[in-house]
Amino acid sequence: MPVVPRYESQQVNQVAQAQQVQAAPLDVSPINKVGNEIVDVFQKARDQADRVRVLSARTALQKQVNDLTYGENGYAHAQGINALYAGETAKKNIEQAQANILKDLNIRQREMFQPDLDTVKNSFNANLQNHVYNENRKAVTTTVDDSIYTAEETMKQNFNNPNEITRNILDIDNGVTELEGLSGIVSPEYRAKRQSAAIVNTALNALSQPIPDFQSAKNIMDTFGDRMTVSDKNRLVETMRPMQLSAEAGIEAQVIFDKYRDDPQGKVEALLKITDPQKKQQVSQNLAVLDKAYDESQGMGSAKVLNTFLETGKIDADSYARLDPENQNKTMIAINAKREHD
């Protein structure tokens, strides 16, 4: 029996092979790889461009900060109250500089720049505020110090006016309160020293006058001594002591002279009763001066009486009455001798 060819099976195999060829995927990976690499290059270029632009922006901002701070018109050069006005100008200028820089950045660059912007501006504002605060504080402190100094000088010139002294002590006290508010430090010791120094200097100014005003200095000591520190009071006492001794010695010498003018022994006994050696010496010296002045006065008086008699033949009764009995007697002896001679 002849074999019949099986075309159906062969056709099926050809169809199956064709299907297998059609089902095999197309390999496009090399193309995708090249495309991705191109995208990465452009992205990196954009990233780098953005970073450079942000760096440029940060540099520009920092230059503005440096100029506004340390430049020719920078706020750091402003002192005292002027620092406040310079600071306000600097704040406006930094805001304008920021706006000028931001307008040249795209959205992504602005987002990248924001942290740097915050850091630089925060630093600028902090430094600016610190400078303004310190300069303002110095200006106020200087003004308050000047007001205290003026009160002290006013006191010194009014050493003989207790009401002015009291008023200016109050001004000094108020000034110290202002300084305490500025510093945040309350110091009773500083307040006491400042008041004490002003009072002592006022008393010393009274004693330094061409004719020392011992009484005004003593009144200051008696009235305001409780406001002086121990050291200041001791210093004033030591300064006043020689003047006080001189004043007391002068008064005592005058009393002794008036009481014992014609009694040398009485003068000696009165001197021996003085226990302070320095005072005794001063009284003795003053008595010698008084005795000398008295003798000179009596001598001039006697001479005047004699000259008047020689010129007019009459006795000057007023001048004669000012002579003590001893000199009156000596003058009359001289007048009588002239009469007998004539």
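Numbers for residues simply follow the sequence, beginning at 1.
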Q: Would you say K279 and E252 make side-chain contact, with heavy atoms under 4.5 Å?
A: yes

Q: Locate the shortest heavy-atom distance separating D213 from F159; write the atom from each residue and the value.
A: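 Residues D213 and F159, closest heavy atoms: OD2-CE1, 3.5 Å.
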
Q: Under the 4.5 Å side-chain heavy-atom rule for ILVMFWY, direct or indirect, which residues accompany F257?
A: I256, Y260, L271, I274, V283, L287, L290, Y294

Q: When you look at CD of Q244, are more than 12 heavy atoms from neighbouring residues, nucleotides or ligands closer to it than 6.0 Å?
A: yes

Q: Closer than 4.0 angstrom, basic N to acidic O: yes or no for K273 and E269?
A: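 Looking at E269 together with K273, the answer is no, because their closest N to O distance does not fall below 4.0 Å.
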
Q: I need the D146 CG to E153 CD distance, nearest 0.5 Å.
A: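 Rounded to the nearest 0.5 Å, the CG-CD separation comes out at 10.5 Å.
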
Q: How many angstroms lie between CG in L55 and CG in D50, if you round to the nearest 0.5 Å?
A: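 Output value for this atom pair is 12.5 Å.
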
Q: Step through the shown structure and confirm whether more than 12 heavy atoms of other residues, nucleotides or ligands are within 6.0 Å of CG on L272.
A: yes

Q: Taking it one step at a time, do D263 and K267 satisfy salt bridge (Lys or Arg N to Asp or Glu O under 4.0 Å)?
A: CA-CA 7 Å; D263 183 3; K267 289 181 183 178; over 6 Å; no

Q: Examine the side chains of N125 and Q129 and answer whether a donor and an acceptor come within less than 3.5 Å of each other.
A: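 Q129 and N125 do not have a side-chain donor-acceptor pair below 3.5 Å.
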
Q: Nearest heavy-atom pair of E72 and H77: which atoms, and what distance?
A: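 Residues E72 and H77, closest heavy atoms: O-CD2, 3.9 Å.
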
Q: Please determine whether the number of non-hydrogen atoms from other residues, nucleotides or ligands lying under 6.0 Å from atom CE of M300 exceeds 12.
A: no

Q: Do Q328 and D324 have a side chain donor and acceptor closer than 3.5 Å?
A: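 Judged by distance alone, the side chains do not pair up.
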
Q: Could you tell me whether K44 and D47 have a side-chain N and a carboxylate O separated by less than 4.0 Å?
A: no

Q: Over all heavy atoms of both residues, which pair between I199 and M228 is shortest? Give the atoms and the distance, please.
A: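 Between these two residues, the closest heavy atoms are CG2-CE, 3.4 Å.
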
Q: Between the side chains of R194 and D173, is the shortest nitrogen-to-carboxylate-oxygen separation below 4.0 Å, so that they form an ion pair?
A: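 A salt bridge is absent here (no side-chain N lies under 4.0 Å from a carboxylate O).
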
Q: Can R191 and T177 be counted as having a side-chain donor-acceptor contact under 3.5 angstrom?
A: yes

Q: Which heavy-atom pair separates V144 from G175 by the least distance, and what is that distance?
A: CG1-O, 3.3 Å

Q: Under a plain distance cut-off of 3.5 Å, with no hydrogens placed, do N168 and E152 share a side-chain donor-acceptor pair?
A: no

Q: Tell me the closest heavy-atom pair linking L207 and F214, and the distance in Å.
A: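 Minimum heavy-atom contact is CD2-CA, 3.9 Å.
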
Q: Set out, in order, the CA-CA distance, both residues' side-chain angles and the distance that settles salt bridge (Lys or Arg N to Asp or Glu O under 4.0 Å) for D276 and R241, then state yes or no.
A: CA-CA 13 Å; D276 186 334; R241 178 172 172 73; 3.6 Å; yes

Q: Are there more than 12 heavy atoms of other residues, nucleotides or ligands under 6.0 Å from atom NZ of K280?
A: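 More than 12 within 6.0 Å, yes.
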
Q: In this structure, are over 12 heavy atoms from other groups packed under 6.0 Å from K304 atom NZ?
A: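 No - once you tally the heavy atoms of other residues, nucleotides and ligands closer than 6.0 Å, there are 12 at most.
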
Q: At their closest point, which heavy atom of E135 faces which heavy atom of A78, and how far apart are they?
A: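 For E135 versus A78, the nearest heavy atoms are CG-O, 3.8 Å.
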
Q: Are E178 and N174 close enough that a side-chain donor and a side-chain acceptor fall under 3.5 Å?
A: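 Looking only at side-chain atoms, N174 and E178 do not form any donor-acceptor pair under 3.5 Å.
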
Q: As an exercise, state the distance from OG1 of T308 to CD1 of I315, rounded to the nearest 0.5 Å.
A: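 The distance works out to 10.0 Å.
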
Q: Is there a donor-acceptor contact under 3.5 Å linking the side chains of D118 and Q114?
A: yes

Q: Between E164 and R167, is the closest basic N to carboxylate O distance under 4.0 Å?
A: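 Yes, this pair counts.
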
Q: For residues T202 and N205, is any side-chain donor paired with an opposing acceptor at under 3.5 Å?
A: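 N205 and T202 do not have a side-chain donor-acceptor pair below 3.5 Å.
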
Q: Going by the rule salt bridge (Lys or Arg N to Asp or Glu O under 4.0 Å), which residues pair with K259 if we only count those two or more places apart in sequence or in a different chain?
A: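 Residues passing salt bridge (Lys or Arg N to Asp or Glu O under 4.0 Å) with K259: none at all.
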
Q: Would you find more than 12 non-hydrogen atoms of other residues, nucleotides or ligands less than 6.0 Å from R108 atom CZ?
A: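 Yes, enclosed.
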
Q: Please lay out, stage by stage, how E189 and K193 fare under the test salt bridge (Lys or Arg N to Asp or Glu O under 4.0 Å).
A: CA-CA 6 Å; E189 294 81 7; K193 287 181 178 179; over 6 Å; no

Q: Side chains of N307 and E311 only: does a donor on one sit below 3.5 Å from an acceptor on the other?
A: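 No.
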
